[in-house]
A.B. asks: 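My questions will all concern the structure given below.
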Amino acid sequence: MFNAYGKRAADRCRALGKPPYSESSEYLFRAYLSNEYKQSQHAVAQWMNQAGMTTHIDPAGNLVGRYAGRTKNDPILIIGSHLDTVRNGGCFDGNLGIMLGIEVIDYFNRQQKRFPFAIDVIAFGDEEGSRFPMAMLTSKSVAGVLNTLPQGLKDKKGISIEQAFKDFGLDYRNIQKARYYSENVIGYLEAHIEQGPVLESEGLPLGIVTGIAAQYRFQILINGQAGHSGTTSMNLRKDAMAGAAEIIYLSEQYVKEAEQEGVVITTGQITVTPGAPNVIAEQVVFSVDLRAPTDEKRNEFAEQFEQIVEKICQKRCLDHEFLIQHDLSASLCDKNLMSLLEQAIQHLKLPVRYLTSGAGHDAMILSHLAPTAMLFIQSPNGISHSPKETVRYEDVTAALQTMIHFIELKEDNI
Ligand SMILES: [Zn+2]
């Protein structure tokens with residue numbers, strides 16, 4: 001029986017990997033508040049209803065399924081993960097955690113089992129920053145940490161977030177109303193693919209996450225001067241592209257020396273203006289994603305990075321601007337909930353493995369609201385954010401059984 005549930009969870013992720021749930025049949029992309037996103041919400045809401053949940057769209061555009069407790073005023077246990085994807089992403093990232101939440105509820109509902117707490121399965125809308133240059137907007141809304149309304153957010157087509165909300169049938173000004181209150185929430189559980197090679201290398205299906213790395217995401221804008229590539233002599237140039245390249249290279253070198261300390265830096269996005277082969281670049285905008293196990297380490301490297309940018313820009317007579325797009329502190333999972341996960345894994349006679357997450361997840365935001373636990377599922381070949389991302393059915397089934405037992409244990413530990 002568990003095998004069939006596990007298989008269905010994985011198969012549903014695959015089904016959501018294609019149109020109308022993806023922007024294209026060639027690749028998977030589902031952006032927050034897009035049409036594909038809306039279509040996916042419809043499909044997932046149906047599955048939630050079939051599993052015995054009532055559903056609604058919250059003011060942040062998240063899909064919420066509720067499995068009622070024994071009484072109306074019961075506290076809430078949240079199970080969640082994200083429905084949006086990166087461009088050309090894999091279908092299990094985020095989505096699997098939602099599908100597993102639905103299977104958990106289906107299992108309990110079939111037995112007409114109710115708990116002294118309600119269970120909300122939340123399909124978060126924006127974890128990846130899939131549409132607007134700001135990630136985890138929707139879990140921030142739910143966790144109540146969105147103190148001010150981010151202004152001026154626009155998607156790549158120039159559509160403002162206010163307009164996107166309107167087109168979706170919501171009002172952006174109400175986004176903070178999606179919040180839950182700490183006194184009502186007893187915990188948050190998220191299952192997610194590992195997105196790395198550790199579990200596979202040790203032949204393990206599951207891992208318990210101890211915490212999530214601190215992150216910064218910057219956008220750096222370098223301004224130089226356009227000029228003819230044939231007539232402007234090399235030492236008179238203000239070449240924004242060469243400056244950006246030097247910054248990226250030097251910061252990589254600097255961080256590489258510290259890699260054993262778990263610090264990683266990445267530039268995955270770059271835009272060059274005017275962007276012609278025979279014109280010196282006038283402006284370059286590039287992303288920098290910096291992660292470290294602790295806030296102190298992250299801040300230390302961010303400072304070093306800023307110094308590199310200043311030094312190179314001064315040397316090359318370039319101007320620059322920094323924009324912090326994403327600032328997340330390291331977060332720790334809850335000791336009690338981790339021990340419940342440990343007992344649930346031992347119950348399956350599987351080895352217990354603890355690991356830190358280098359990737360950010362909604363769980364790190366939710367840790368501001370409630371005690372948090374996270375379960376990692378093996379990623380074959382360690383691949384994620386790629387169409388090659390996959391899972392093994394037996395691992396998904398083991399995750400499902402762990403989550404079910406976790407909730408049964410939580411009932412005794414409330
Ligand atoms: Zn994810």
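First listed ligand is number 1; within each ligand, the first listed atom is number 1.
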A.B. asks: Determine whether Leu375 and Val209 satisfy the following criterion, side-chain contact (heavy atoms from CB on, under 4.5 Å), listing intermediate values before the conclusion.
C.D. replies: CA-CA 6 Å; Leu375 183 66; Val209 178; over 6 Å; no
A.B. asks: Using a strict 4.0 Å threshold on nitrogen-to-oxygen distance, state whether Arg66 and Asp120 make a salt bridge.
C.D. replies: yes
A.B. asks: What angle, in degrees and rounded to 10°, do you get at the Zn ion (ligand 1) when you join it to OD1 of Asp93 and to NE2 of His192?
C.D. replies: 90°
A.B. asks: Which pair of non-hydrogen atoms, one from Val145 and one from His368, has the smallest distance, and what is that distance?
C.D. replies: CG1-CB, 3.6 Å
A.B. asks: As a test of reading the structure, name the N/O/S atom of His82 that is nearest the Zn ion (ligand 1).
C.D. replies: NE2
A.B. asks: Is the ring centre of Phe376 less than 6.0 Å from the ring centre of His361?
C.D. replies: yes
A.B. asks: The Zn ion (ligand 1) to His361: any N/O/S contact under 2.8 Å?
C.D. replies: no
